[in-house]
Amino acid sequence: MQRPVPKTTALDAPFFAAASEGRLVLQRGADGRHHLPPRPAALVGDYDWVDSPGLGTVETCSVVERSFYEDLTAPYTVAVVRLDEGVLVTGQVDAVAAAQCAIGQRVRVGFRPAGDHWVIVFEAP
Amino acid sequence: MFDQVRFVGAHESPRRKTRDVHPFEIFAEVITGALDHAGLTLADVDGLCVTAGDLGEGGVVEDVIEVAEYLGIEPTFFDSTDVGGCSAIVQAARAAAAIQVGLADVVVVAYAACPRTFPFDIPTPMSWPIGPGAFEMPVGMSNITAYGAFAQAHMHRFGTTAEQLAEVAVTCRANAALNPDALLRDPITVADVLASAPISSPFHKLDCCVVTDSGGAVVLCRADRARDLPRRPISVAGFGEVITRVHLHQVRDFTVSPGAISGPAAFRRAGLQPGDVDVAQLYDAFTATPLFALEDLGFCAKGEGGPFVASGAIAPGGSIPINTDGGGLASNHPGKRGVFVLIEALRQLWGEGPGVQIASPEVSLAHGIGGFFSAAATMLLTAD
């Protein structure tokens, strides 16, 4: 199976533009709460995009031992991380770090190129 | 709530592996089979519910109209809600509501799919990789990984063990031993489950449901008509449903399933408690999903699911026997299993269970989930 290639929209373009530069930005709504993926103003009010250091804690994860994707070699870990700003982010931990991936572990968001797009990865803080 | 409605027939296809059979042929087999079981014919049917938009899982159903055309009927009530695995249970509630208010007289709810032979090379994403899906689908996600993430969180918070998860598979396989149509009928042990190939933690191959080509259908009609039909009429005592979210990045709590909303609603509407249930069909896509259901529907306390499933409570002689035909873990699971959960819940009340038949049950429960714990539907059934 081929991994789906993300398509961007005007709403989430700032995220992918920052990702291409290795930076994490989060949408911040009118009430100060952060959102990822971004939502339209109809849901979050007037918003802006703010830089994030990308630090967070692993909420849960699963180590994939059998890959269904031609371009992903097992083992790899899919992790869901709660950033310090409160939002959850889904990403990958590659095979080298997978053995150390554990719930409660501190990580930092990074970006790995995948074709002409970027996949969220988690690295040591 | 549904006093004018009764279930009057059901049929599960004996098929498990097909070759070059269009799923619509199976739709025809199980729908006519269920109608025959009900003492009715296609000419009596004015309502049709099937799950549509199911291409990647071998359902090949673009829309409900295709199936109506194939059967040669023009239903004046229809539904094709797709919320994943529990869709048929959700559709049965819609069928019951339609009959209750007079929008239909005889409704068939059916599902058929051949995921082993009609893959069409279409990926089966939970969402398309644009918008919210762009933030999750490209990371190498699968159903097994998503549910694995929920199970891992449960193990971390409550100390649930891989051995306890494996007990669910052992119980289902034991129940399947008597079911002549179940795909896997040889007994297994906890050690067998743990020794099977790891797929995505904490799940091994035997923690995961089978993949089959099959189908099933149920028939509902008005209560006054049901009295004249051969099967003992079955009532919907209570029903609850909920949809929550698709992506893991929107989950509030990885240790709770949406059954925590659909289950209590069903019990409240039925005026019943978990202790009143004699037999339960709990959607088993993975060993963890019945464990979550037992907690979230109130059969045991939150966090106690591990010791509970290891205690013998879910075995045929226990306080809440589950998945009496072998479930998805041992008997039958094309892309979606909701119709089979419902069929077995009905069969137990009719005394027609093909695997283990519980002695004279009065309250039968059908509980299904969908997506990545994205939806749930719980239905309580009683016989007249």
message: If I measure from the heavy atoms of chain A, does B:Phe254 come under 4.5 Å with its side chain, its backbone, both, or neither?
response: side chain
message: Given heavy-atom pairs under 4.5 angstrom as the criterion, report whether the side chain, backbone, both or neither of A:Leu11 touches chain B.
response: neither
- request: Could you tell me whether a side-chain N or O of A:Tyr76 sits under 3.5 Å from a main-chain N or O of B:Val139, the two making a donor and an acceptor?
  value: no
statement: The interface call for B:Ala151 against chain A, heavy-atom contacts under 4.5 Å, is neither
- prompt: B:Pro132 and A:Pro37: which non-hydrogen atoms are nearest, and at how many Å?
  reply: CA-CG, 3.6 Å
- prompt: How many angstroms lie between atom NE2 of A:His35 and atom CD of B:Gln250, to the nearest 0.5 angstrom?
  reply: 10.0 Å
- line: Heavy-atom nearest pair, A:Pro38 first then B:Phe135, reads CD-CZ, 3.8 Å
- line: CG (B:Leu248) and CG (A:Leu88) are apart, to the nearest 0.5 Å, by 9.0 Å
query: When rounded to the nearest 0.5 angstrom, what distance separates CD in A:Glu59 from CG in B:Asp253?
result: 8.0 Å
- prompt: Among side-chain atoms of A:Thr90 and B:Glu136, is any donor-acceptor pair under 3.5 angstrom?
  reply: yes
N/O donor-acceptor pair under 3.5 Å between A:Thr60 side chain and B:Phe150 backbone: no
More than 12 heavy atoms from other groups under 6.0 Å of CZ on A:Arg33: no
- prompt: With distance as the sole criterion, is a donor-acceptor pair present between the side chains of B:Ser200 and A:Ser62 under 3.5 Å?
  reply: yes
- request: For the pair A:Val78 and B:Met141, evaluate side chain to side chain contact (heavy atoms under 4.5 Å, CB included) and give the outcome as yes or no after the intermediate values.
  value: CA-CA 7 Å; A:Val78 172; B:Met141 186 61 68; 3.7 Å; yes
- request: Between chain B and each of A:Val80, A:Val81, A:Thr8, count heavy-atom pairs under 4.5 Å; write down the option with the most.
  value: A:Val80
